[in-house]
Student: 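I am attaching a structure below and will ask some questions about it afterwards.
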Amino acid sequence: MKDKMGSECEGPEMSLVCLTDFQAHTREQLSKSTWDFIEGGADDSITRDDNIAAFKRIRLRPRYLRDVSEVDTRTTIQGEEISAPICIAPTGFHCLVWPDGEMSTARAPEGLRWFQLYVHPDLQLNKQLIQRVESLGFKALVITLDTPVCGNRRHDIRNQLRRNLTLTDLQSPKKGNAIPYFQMTPISTSLCWNDLSWFQSITRLPIILKGILTKEDAELAVKHNVQGIIVSNHGGRQLDEVLASIDALTEVVAAVKGKIEVYLDGGVRTGNDVLKALALGAKCIFLGRPILWGLACKGEHGVKEVLNILTNEFHTSMALTGCRSVAEINRNLVQFSRL
């Protein structure tokens, strides 16, 4: 096992058997400022923590005496088959935890690639980006909605995290004094629903809206003829004290009435969590922080391990609840606990 600069990490024999094992091991490897950047939430981090806690308030209702000798985790998103309803969410600055950053992450999964767009004030720049990703074979355009301004991330402020990223600041994760610099392109603060028609006029890619949490916005998404919604609160990094993603999922799914696909990110840590999200109407889930944990521990192989662990857990969860295919996962499998 190597750290991001290629030196041997301690504990190569350590068995990492679940996603939280990766989390604990990653914390030992990274500088405080980098760890805080990855793990931090907005304000009091109430939503960040509730994303995980909300899953634990949901209980499973398994069905037995079903032949689960064969369990099929395959499903489809936007008409394309994937081996399991587990995908990688867009997250930034992977180079903080591994030398070639997103390159290693991209090599780890096999399958579809969607392009996340933070809408730039310069429409022509947006158009150039979209045309480029179309030519590269990307299958969908994901427009992030919940970041017209950056959330109030107290850890980053305390750590004096600054806004330009330079290679000289990409020090070893074990060097605790590095203060990373980040370069963020400008993001449009004036993006409105009616602007979606312009994007639809310049691309044939399916348009997915990331960051919707309410039935009202879900209904508007349907009205404006987009192809999907990612229910997301940005990992609790934008507006604090909003609903946990899994709690918002139910009203969004009900609002779209099956007209467009709904996905979810935020708080997924186990195969049971994946099952619960699908039972409540998500077509698939997207992983954010756990991907960075895997990358920080073992690079490309760590990302693969995280995905494989979660997929195997999901397979087990399906078998133990009597689901032989993703199509058999339904609302009757879950109930909300009063605890």
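Computed from a predicted model, the values in this text were never measured in an experiment. Side-chain atoms are counted along with the backbone in the values below, which use heavy atoms only and exclude waters and symmetry mates.
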Student: Please check if any side-chain donor atom of Thr144 sits under 3.5 Å from a side-chain acceptor atom of Gln116, or the reverse.
Tutor: yes
Student: Tell me if the CZ atom of Arg74 is crowded by more than 12 foreign heavy atoms within 6.0 Å.
Tutor: no
Student: Can Glu134 and Thr203 be counted as having a side-chain donor-acceptor contact under 3.5 angstrom?
Tutor: yes
Student: Do any N or O atoms from the side chain of Glu102 and from the backbone of Phe93 form a donor-acceptor pair under 3.5 angstrom?
Tutor: yes
Student: Can you check side chain to side chain contact (heavy atoms under 4.5 Å, CB included) on Leu239 and Asn233, steps first, answer last?
Tutor: CA-CA 8 Å; Leu239 179 62; Asn233 51 44; over 6 Å; no
Student: If you measure from SG on Cys323 to NE2 on His315, what distance do you get to the nearest 0.5 Å?
Tutor: 11.5 Å
Student: Does Lys127 have more than 12 heavy atoms from other residues, nucleotides or ligands lying within 6.0 Å of its NZ?
Tutor: no
Student: Membership question, hydrophobic clusters at under 4.5 Å side-chain separation (ILVMFWY): are Val133 and Trp198 in the same one?
Tutor: yes
Student: Among Ile285, Val252, Ile212, Asp265, exactly one meets side-chain contact (heavy atoms from CB on, under 4.5 Å) together with Val231. Which residue is that?
Tutor: Val252
Student: I want to check a possible cation-pi pair here: Arg237 against Phe37, using under 6.0 Å from ring centre and within 45° of the ring axis as the test.
Tutor: yes
Student: Can Arg324 and Glu70 be counted as an ion pair, charged N to O under 4.0 angstrom?
Tutor: no
Student: Tell me if a side-chain donor or acceptor on Thr321 pairs with a main-chain N or O of Ser317 at a distance below 3.5 Å.
Tutor: yes
Student: Do Ser188 side-chain atoms and Ser190 backbone N/O form a donor-acceptor pair below 3.5 Å?
Tutor: yes
Student: Considering residues, nucleotides and ligands other than Glu110, do more than 12 of their heavy atoms fall under 6.0 Å from its CD?
Tutor: no
Student: Can you see whether Trp293 engages Glu305 through a side-chain donor-acceptor pair at a distance of less than 3.5 angstrom?
Tutor: no
Student: Using 30° and 60° as the class boundaries, would you call the ring planes of His234 and Tyr118 parallel, tilted or perpendicular?
Tutor: tilted
Student: Does atom CZ (Arg27) have a neighbourhood of more than 12 heavy atoms from anything else shown, all under 6.0 Å?
Tutor: no
Student: Can Thr105 and Glu300 be said to form a side chain to side chain contact (heavy atoms under 4.5 Å, CB included), step by step?
Tutor: CA-CA 6 Å; Thr105 304; Glu300 175 184 343; over 6 Å; no
Student: Any sub-3.5 Å donor-acceptor pair from Asp195's side-chain atoms to Cys192's backbone N or O?
Tutor: yes
Student: Are Leu287 and Phe314 linked, directly or through other ILVMFWY residues, by side chains that come within less than 4.5 angstrom of each other?
Tutor: yes
Student: Decide yes or no for Leu196 and Leu209: does some side-chain heavy atom of the first lie under 4.5 Å from some side-chain heavy atom of the second?
Tutor: yes
Student: Give a yes or no answer on whether the side chain of Gln200 reaches the backbone of Leu205 with a donor-acceptor pair at less than 3.5 Å.
Tutor: no
Student: Ile77 and Leu307: same hydrophobic cluster, using ILVMFWY side-chain contacts below 4.5 Å?
Tutor: no
Student: Between His224 (side chain only) and Val226 (backbone N and O only), is there a donor and an acceptor less than 3.5 Å apart?
Tutor: no
Student: Check Val326 against Met318 and note the closest heavy-atom contact, atom names and distance.
Tutor: N-CE, 3.7 Å
Student: Begin from the C-alpha positions of Arg57 and Asp247 and carry the test side chain to side chain contact (heavy atoms under 4.5 Å, CB included) through to its verdict.
Tutor: CA-CA 10 Å; Arg57 296 193 289 265; Asp247 287 338; 3.2 Å; yes
Student: Would you say that more than 12 heavy atoms from the other residues, nucleotides or ligands in this model lie under 6.0 Å from the NE2 of His301, or not?
Tutor: no
Student: Is it true that Asp67 and Ser69 share a donor-acceptor pair across their side chains at a distance under 3.5 Å?
Tutor: yes
Student: Would you call the rings of Phe286 and Trp114 parallel, tilted or perpendicular, taking 30° and 60° as the class edges?
Tutor: tilted
Student: Is a side-chain N or O of Lys283 found less than 3.5 angstrom from the main chain of Thr76, in a donor-acceptor match?
Tutor: yes
Student: In terms of hydrophobic clusters joined by side-chain contacts under 4.5 Å, are Leu60 and Leu320 together?
Tutor: no
Student: Is the shortest side-chain N to carboxylate O distance from Arg107 to Asp100 below 4.0 Å?
Tutor: yes
Student: With heavy-atom distances below 4.5 Å as the criterion, would you say the side chains of Lys139 and Arg113 are in contact?
Tutor: no
Student: Can a donor-acceptor pair be found, under 3.5 Å and without considering hydrogens, that links the side chain of Asn330 to the backbone of Glu328?
Tutor: yes
Student: Membership question, hydrophobic clusters at under 4.5 Å side-chain separation (ILVMFWY): are Ile82 and Val303 in the same one?
Tutor: no
Student: Measuring from atom CG of Leu145 to atom CG of Leu191, what distance do you get when rounded to the nearest 0.5 angstrom?
Tutor: 7.0 Å
Student: Does the distance from a Lys or Arg side-chain N to an Asp or Glu carboxylate O, for Asp43 and Arg48, drop under 4.0 Å?
Tutor: no
Student: With distance as the sole test, does Arg59 use its side chain to make a donor-acceptor pair with the main-chain N or O of Lys56 at under 3.5 Å?
Tutor: yes
Student: Is any side-chain heavy atom of Cys18 less than 4.5 Å from a side-chain heavy atom of Glu313?
Tutor: yes
Student: Does Asn152 form a side chain to side chain contact (heavy atoms under 4.5 Å, CB included) with Ile157? I'd like the steps, not just the answer.
Tutor: CA-CA 8 Å; Asn152 185 34; Ile157 297 169; 3.3 Å; yes
Student: Is Arg154 salt-bridged to Asp44, cutoff N-O under 4.0 Å?
Tutor: yes
